[in-house]
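The next block holds one structure in the form of structure tokens; read it before the comments.
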Amino acid sequence: MGLDISGILVANKVKLDDFKGRAIALDGYNVLYQFLSSIRGPDGTPLMDDKGRVTSHLSGALYRTANLLEMGIKPIFVFDGKPHYLKKSTLAERRARKEKAKIEWDEALAEGDMEKARTKAQQTSKLTREMVGEAIKLLEFMGVPHITAPQEGEAQASYMTMKGDVYAAGSQDFDSMLFGTPLLVRNLTLSGRRKMPRRQVYVTVEPETIDLQASLDALGITREQLVDIGVLMGTDFNEGIKGIGPKKGLKLVKEFGSGEEVIKQKKFDVPSFDAVRKIFLEPEVTDDYEMKWNDPDLDKIMEFMCEDYGFSKPRIESILGKMETAKKARSQQSLDQWF
DNA sequence: CACGGACA
DNA sequence: TGTCCGTGG
């Protein structure tokens with residue numbers, strides 16, 4: 001995960017029902033990655049079809065999206081475009097970590113340590129272009145819109161929320177706050193209980209929203225200052241200063257007024273400070289997208305999931321029932337809009 | 001992650 | 001009705 005400013009933000013527990021009838025811009029990469037890393041067998045192997053293609057992301061995308069639609073929530077998936085050049089070293093770092101995790105996964109398997117194997121396996125998760133393409137195909141069969149951002153998906157989702165096209169940006173990552181989304185929703189899921197890394201321990205993960213303005217008011221800072229805190233801490237686009245987390249970053253920025261002043265007074269070295277700041281404050285986004293939810297093509301979904309990827313027919317059929325419910329709910333909604 | 005069968 | 005646990009592909 002990237003930037004962790006959870007310690008200084010105000011999160012509100014919410015019910016999935018609060019989002020009924022509302023559009024949410026989901027960080028597609030974030031959502032699929034979550035599925036890819038968590039939908040795995042006990043030894044860490046992801047779900048795969050008989051050709052060896054990973055299918056965890058498809059399983060997750062189908063169930064999750066069907067559930068949201070059934071609840072009357074209208075997701076629009078936003079995928080990352082071309083990464084900013086300042087992100088290159090972060091991406092390289094991630095690649096290296098995954099390679100190391102692969103070795104440790106094999107070692108854990110050899111030792112018979114399944115708990116460790118699973119954790120290491122999750123760390124190897126690599127969402128490929130193909131996987132994203134497959135998921136997009138599925139979304140299209142489900143009638144769910146998707147767009148590819150010019151650059152960062154989170155920036156695009158935030159922009160769409162600022163415009164009022166969607167109610168909130170959905171992601172597990174907090175970067176969206178820096179990109180300026182007025183509302184971030186995390187844990188947009190049905191099931192509450194989730195297993196912690198260490199066995200036996202369960203936590204209930206509830207959907208929550210983070211309101212940007214309320215958070216800024218509570219902290220007594222501006223969005224620019226929030227961005228500065230992030231850049232001092234380090235983001236996907238820069239390294240940040242060792243020893244500076246959300247608390248210290250907040251304190252310094254409030255004390256000196258701005259990140260620039262903190263750097264000057266404290267003689268910190270933050271390469272590309274202005275450029276990184278600009279990525280968050282003036283991100284590359286587009287208005288070229290269409291928010292349109294179509295009726296699902298149930299036959300195509302069946303064919304895609306069962307014939308192409310070997311999912312069991314009864315399972316998929318039961319999900320299609322949800323899609324039918326969603327369809328009815330949607331037509332009811334259009335009536336509501338007319339009257 | 002999400003589901004469903006087992007069990008209380 | 002609620003929770004635990006194994007499985008899905």
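Protein chains get the first letters and strands the later ones, always in sequence-line order, with residue 1 at the start of each. Keep in mind the model is a prediction, meaning the values are calculated, not measured. Computation of the quantities below employed the complete heavy-atom set of this structure, encompassing side-chain atoms and omitting hydrogens, waters and symmetry-equivalent molecules.
As judged by a 4.0 angstrom heavy-atom cut-off over every strand, A:Pro42 is placed among residues making no nucleic acid contact. No engagement by A:Gly60 is indicated, since no non-hydrogen atom pair under 4.0 Å with the nucleic acid exists. When heavy atoms are screened at a 4.0 angstrom cut-off, A:Ser312 is found touching the sugar-phosphate backbone but no base atom. Using a 4.0 Å heavy-atom distance criterion, A:Thr55 is classed as a sugar-phosphate-only contact. The residue A:Arg53 sits apart from the nucleic acid: no heavy atom pair falls under 4.0 Å.
A donor and an acceptor atom, one from each side chain of A:Asp4 and A:Ser6, are located under 3.5 Å apart.
The nearest whole Å value for the distance from the CG atom in A:Asp43 to the C1' atom in C:dG8 is 13 Å. C:dG9 atom P lies 9 Å from atom CE of A:Met305, rounded to whole Å. With rounding to whole Å, A:Arg40 atom CZ is found 17 Å from C:dG8 atom P. Protein atom CD of A:Glu134 is 16 Å distant from nucleotide atom P of C:dG9, rounded to whole Å. With rounding to whole Å, A:Arg64 atom CZ is found 17 Å from C:dG8 atom C1'. If you measure from atom CZ of A:Phe311 to atom P of B:dC3, you get 13 Å, rounded to the nearest angstrom. The distance between atom CD of A:Glu70 and atom P of B:dA2, rounded to the nearest whole Å, is 13 Å. When rounded to the nearest whole Å, the span between CG of A:Leu16 and C1' of B:dA2 equals 14 Å.
At a threshold of 4.5 Å between non-hydrogen side-chain atoms, the residues A:Gln123 and A:Lys98 do not count as touching.
At the phosphate of C:dG9, neither OP1 nor OP2 sits under 4.0 Å from any side-chain N or O atom of A:Thr45.
Close placement of the A:Phe280 and A:Phe237 rings is indicated, their centers lying within 6.0 Å of each other.
Under the 4.5 Å side-chain heavy-atom criterion for grouping Ile, Leu, Val, Met, Phe, Trp and Tyr, A:Leu91 is not connected to A:Leu3 through any hydrophobic cluster.
Each of A:Lys51, A:Glu303, A:Glu134 was checked for a side chain to side chain donor-acceptor pair (under 3.5 Å) with A:Tyr309, and the lone residue meeting it is A:Glu134.
The side chain of A:Tyr63 lies closest to B:dA2 when the candidates are B:dA2, C:dG9, C:dG8. Considering only side-chain atoms of A:Asn67, the nucleotide from C:dG9, B:dA2, C:dG8 that sits closest is B:dA2.
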